[in-house]
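All chains are named by letter (A, B, ...) in the order of the sequence lines, taking the proteins before the strands, and each is independently numbered beginning at 1. Side chains included, hydrogens not; waters and symmetry mates left out as well; all remaining heavy atoms used.
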Amino acid sequence: MVSIAKVIVDVPTMQTNRPYDYGIPEAFESQLKRGMRVEVPFGKGGRKVQGFVVEIQHSTDYEGILKFIDNVMDLTPVLNEEMLSLGTYMAATTFAFQITCLQTMLPSVMKAKYEKKIRLVSESIDPDIQKFFKDNLEISWEEAEEKELLVPLMKLKQQQLVEVIYVVKNQARTKKKRMVKNLLTFTEIKEAHDSLGKRGPKQHQLLDFLETLGEETTSVEEITQLTELTSAVLREGANKKWIEIFETEVYRDPFKDKEFAQTEAFTLTSSQAVALAPILKAVTEDRNETFLLKGVTGSGKTEVYLQTIAETLKRGKSALMLVPEIALTPQMVNHFKGRFGEAVAVLHSGLSVGEKYDEWRKIERGEAKVVVGARSSIFAPVENIGVIIIDEEHEATYKQDESPRYHARDIALWRSEYHHCPVILGSATPSLESRARAQKKVYTLLELTERANKKALPEVEVVDMREEVKKQNRSSFSLVLQEKIRERIAKKEQIVLLLNRRGYSSFVMCRDCGFVLPCPNCDISLTLHMDTKTMKCHYCGHEEGIPHTCPSCKGHKIRYYGTGTQKIEEELLTLIPEASVIRMDVDTTRKKGAHEKLLTAFGNGEADILLGTQMIAKGLDFPNITLVGVINADTALGLPDFRASERTFQLLTQVSGRAGRAELTGEVIVQTYNPEHYAIQLAKEHDYDHFYQHEMLLRHRGGYPPYYFTILITTSHEEELKAAKKMQDIIQVIKPVIKPETILLGPTPKAVARVNNRYYYQTIIKYKNEPQLFTTLHEILNQSQREMAKGLQVSIDSEPMHFI
DNA sequence: GTAGAAGGCGAG
DNA sequence: TCGCCTTCTACA
């Protein structure tokens with residue numbers, strides 16, 4: 001009786017979104033476990049694909065011809081019981097394929113790459129074709145395609161003279177280091193010296209080295225660096241049985257050249273201690289309570305996290321901490337490495353795929369007890385979790401905006417239930433959703449109302465830019481901001497300038513006819529990039545040269561408009577030539593480590609001004625910053641998104657917190673065309689509570705979260721009509737099954753209707769209680785399989801963060 | 001996603 | 001009717 005493995009295969013379609021039964025060859029019988037990756041034949045051609053074993057059983061209901069597992073790719077499961085069950089939960093709640101969910105939980109190197117080759121079976125074929133085959137009688141599919149051999153080869157295939165073979169490539173490679181071990185005793189070294197006589201000076205050198213090495217082992221790399229010995233000499237030594245060269249596995253350590261100064265726990269302020277107590281209680285009682293830690297910027301939330309983690313470690317458990325990608329600065333890492341040393345694993349996008357894999361394995365083996373990282377770190381294979389912390393919990397980046405569209409917060413809550421551990425959601429400006437849950441006592445609210453250094457929050461001055469225009473000041477800098485900048489430069493204090501880039505970019509327009517250069521694939525204008533001297537499309541990546549004459553009227557009055565960081569920097573240097581500026585935006589931070597380098601330079605006082613987009617609003621903590629300027633506070637306010645006010649309030653509060661964190665008092669200038677807007681006024685007063693109340697009122701009136709749940713359905717097709725028609729059909733299916741009080745907004749074409757030559761239509765569902773809705777939506781996806789194979793896309797996003 | 005079968009269509 | 005191309009369908 002053969003055992004059966006249920007396998008989720010790597011074919012992301014609706015029809016294959018279920019386990020398939022495979023026979024387990026006897027050779028794998030004892031070793032195969034749930035959660036391992038396997039190589040299985042799938043489909044008519046016996047094409048090989050990767051899959052995950054989700055179940056092992058002794059019988060099958062399948063009545064067809066059973067296929068067998070070709071290969072087992074892991075020695076131990078890469079997904080444990082928790083992850084398998086989390087995968088099921090994710091697939092059910094995010095409308096994503098199971099395979100996509102499983103792959104998302106693992107480092108990307110675990111996702112297989114596939115290779116197709118053509119192999120010669122018989123010698124007796126046309127020599128004109130045979131000459132293309134290499135010594136091993138194989139050529140790659142791509143090569144055959146390039147040389148237009150596919151047609152004749154397919155014919156040969158039917159005669160079975162060639163065969164198509166599939167290779168599943170496992171990209172997960174461990175890094176190896178060659179080590180050297182001395183096999184000689186002191187007397188033997190002496191004898192070896194004597195037997196060499198006067199010949200072989202390098203050999204003598206090697207023997208001398210071995211004498212100093214003694215019983216130790218060292219790496220080949222180190223020897224060749226420290227001595228004049230080469231690997232050739234070492235090889236000779238190995239031949240003579242003087243030494244043994246062997247390989248060991250090493251971790252790629254992204255922090256290998258860094259020292260972390262050990263830090264001790266600070267004495268808590270009384271309010272920190274009050275907040276910490278209930279958290280520690282939940283930790284010691286293994287209770288999955290969720291805390292909302294609301295603390296003003298600089299109130300020392302981090303210290304509360306650190307001491308919670310310390311207690312967790314003391315109890316022999318591990319801790320998981322999420323921070324937004326852009327807040328994952330060296331400063332942040334230092335806090336954790338400084339306190340917990342080697343026990344900390346850091347996962348972030350700056351790591352190479354290999355480094356990520358190594359950190360993952362370190363965690364999986366239980367060598368890292370504290371994991372710090374961005375969104376996807378919520379899947380870190382930590383056993384025995386004692387606490388999960390999500391810092392800056394309001395950040396939209398915790399929601400993945402591609403499939404699987406999961407929210408890290410939801411995953412955290414699920415895992416906390418599994419591990420019976422508390423969750424801490426920390427923020428100075430909690431999301432309305434979380435704050436409202438705290439109101440309803442679903443979460444426990446803890447507040448830190450004063451800064452740890454007892455300093456007052458900085459003064460915020462709102463500047464009405466409409467008045468500036470009246471004063472004939474046409475620059476992006478108000479007179480008062482210019483003056484304050486000069487003042488700080490003179491005093492050798494530092495300045496942070498924030499450019500709110502959301503919904504803003506520079507474009508090229510003709511002054512004669514008003515022509516704006518559009519993207520040929522999308523209904524959007526191209527953005528000017530001065531560094532590459534090109535026009536780029538931010539949606540599809542299309543790139544072309546900057547026009548010098550207007551393509552429409554052939555006029556020469558083509559000019560740049562809009563506000564990019566580069567343009568602001570130029571303007572700033574014209575106004576205040578003595579300023580030294582570090583600009584931080586997508587362009588200057590693209591290279592690995594560039595972000596860190598710029599911040600270090602600014603921290604060392606190499607520039608007066610740090611100019612940047614959203615990415616500078618978080619985490620940076622430099623004592624010398626005394627002025628924060630927000631160039632354009634309200635560009636996000638105009639967007640048709642009900643979270644626009646919330647985002648603006650959060651951003652202004654965050655960036656204000658950068659000023660005056662140490663001895664010097666800080667000051668904030670906010671430039672806006674909407675000075676009376678409540679988000680700006682209440683940010684000026686640092687008044688979260690009133691903002692929360694006011695915003696809740698508006699959400700209640702508008703029927704938005706947290707009063708309603710939302711689902712965004714999007715259809716897209718190359719033909720506009722097909723996308724619109726499908727959206728209509730979907731609405732017709734939904735309408736009869738929803739309650740009358742549930743609201744459907746749509747169908748509407750997307751704000752940018754055409755992207756990459758596809759047209760988009762969307763509908764938003766707002767509901768309070770629709771127990772059947774998810775089932776209906778899953779059915780819609782199931783019934784759309786045919787059309788989806790023909791170029792239609794349907795995506796469903798539960799609780800979307802962006803509506804445009 | 002994709003191989004192989006089925007269906008469709010023009011040339012002979 | 002053959003051969004080529006497109007569309008369909010099922011994958012264990």
Side-chain angles (χ1 to χ4, degrees), chain A residues 1-26 28-29 32 34 36-73 91 96-104 108 110-119 121 140-142 144-145 148-169 171 402-404 717-719 722 781-795:
Chain A
M1 188 62 194
V2 59
S3 289
I4 302 296
K6 283 195 175 291
V7 177
I8 302 278
V9 291
D10 182 13
V11 182
T13 67
M14 214 57 213
Q15 315 153 68
T16 51
N17 191 27
R18 60 189 180 83
Y20 284 86
D21 290 2
Y22 282 90
I24 304 172
E26 219 170 296
F28 300 139
E29 176 92 53
L32 193 68
R34 296 177 65 198
M36 283 186 184
R37 293 175 303 156
V38 289
E39 218 176 289
V40 290
F42 192 75
K44 286 167 195 156
R47 172 168 73 107
K48 279 180 193 147
V49 296
Q50 192 183 69
F52 290 91
V53 176
V54 291
E55 205 70 64
I56 292 177
Q57 52 194 36
H58 294 294
S59 65
T60 172
D61 300 335
Y62 180 63
E63 287 171 356
I65 303 153
L66 198 66
K67 286 187 185 173
F68 280 77
I69 288 172
D70 271 322
N71 210 351
V72 179
M73 302 176 76
F97 304 122
Q98 291 185 49
I99 187 69
T100 320
C101 294
L102 297 180
Q103 284 169 344
T104 302
S108 58
M110 297 238 180
K111 190 175 165 179
K113 285 246 167 79
Y114 300 101
E115 210 175 339
K116 211 156 72 162
K117 291 178 182 170
I118 299 165
R119 182 194 278 157
V121 181
S140 75
W141 185 272
E142 286 75 24
E145 210 164 24
E148 297 187 344
L149 290 170
L150 280 185
V151 176
L153 283 173
M154 284 306 104
K155 280 184 189 147
L156 291 172
K157 183 169 178 262
Q158 283 180 347
Q159 303 162 39
Q160 304 198 330
L161 296 174
V162 298
E163 62 179 356
V164 178
I165 55 173
Y166 303 88
V167 186
V168 178
K169 289 185 111 181
Q171 304 175 75
E402 60 189 52
S403 180
H717 199 278
E718 285 181 14
E719 292 168 54
K722 291 217 168 125
L781 285 179
N782 268 319
Q783 284 157 11
S784 309
Q785 290 174 35
R786 281 244 180 118
E787 297 148 281
M788 285 165 89
K790 283 191 265 177
L792 178 91
Q793 281 173 17
V794 179
S795 95

K.L.:
For the side chain of Lys44(A), counting heavy atoms from C-beta on, which of dA12(C), dT9(C), dC8(C) is nearest?
P.N.:
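Within the option list, the nearest is dT9(C).
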K.L.:
Only one of Val9(A), Val168(A), Asp70(A) forms a side chain to side chain contact (heavy atoms under 4.5 Å, CB included) with Val40(A), so which one is it?
P.N.:
Val9(A)
K.L.:
Select one nucleotide: of dG4(B), dG1(B), dA12(C), the one nearest the side-chain heavy atoms of Tyr20(A).
P.N.:
dA12(C)
K.L.:
Is a side-chain N or O of Gln785(A) found less than 3.5 angstrom from the main chain of Asn782(A), in a donor-acceptor match?
P.N.:
yes
K.L.:
Report the distance from atom CG of Asp10(A) to atom C1' of dC11(C), rounded to the nearest whole Å.
P.N.:
14 Å
K.L.:
Look only at the side chain of Gln98(A) and the backbone of Pro19(A), and say whether a donor-acceptor pair between them is shorter than 3.5 Å.
P.N.:
no
K.L.:
Take the protein atom CE of Met14(A) and the nucleotide atom P of dG1(B), then report the distance between them rounded to whole Å.
P.N.:
14 Å
K.L.:
With nearest nucleotide decided by heavy atoms, which residue, Arg18(A) or Lys155(A), maps closer to the 5′ end of DNA chain C?
P.N.:
Lys155(A)
K.L.:
From the list dG1(B), dT9(C), dA12(C), which nucleotide is the closest neighbour of the side chain of Arg47(A)?
P.N.:
dG1(B)
K.L.:
Heavy atoms under 4.0 Å, any strand shown: does Tyr166(A) hit a base, just sugar-phosphate, or nothing?
P.N.:
sugar-phosphate
K.L.:
What is the distance, rounded to the nearest whole Å, between atom CD of Glu115(A) and atom C1' of dG1(B)?
P.N.:
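Rounding to the nearest Å, CD of Glu115(A) and C1' of dG1(B) are 17 Å apart.
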K.L.:
Testing Asn71(A), Leu32(A), Ile24(A) for side chain to side chain contact (heavy atoms under 4.5 Å, CB included) with Val38(A), which one passes?
P.N.:
Leu32(A)
K.L.:
In whole Å, what is the span from the NZ atom of Lys48(A) to the P atom of dC11(C)?
P.N.:
20 Å
K.L.:
If you look at every strand shown and take non-hydrogen atoms under 4.0 Å, does Tyr62(A) touch a base, only sugar-phosphate, or nothing?
P.N.:
base
K.L.:
Please report, rounded to the nearest Å, how far the P atom of dC11(C) is from the CD atom of Glu63(A).
P.N.:
13 Å
K.L.:
Measure from the side chain of Arg786(A), starting at C-beta and using heavy atoms only, and say which of dT9(C), dG1(B), dC11(C) lies closest.
P.N.:
dT9(C)
K.L.:
State which of dA12(C), dG1(B), dT9(C) makes the closest approach to the side chain of Gln15(A).
P.N.:
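Between dA12(C), dG1(B), dT9(C), the one nearest the side chain of Gln15(A) would be dG1(B).
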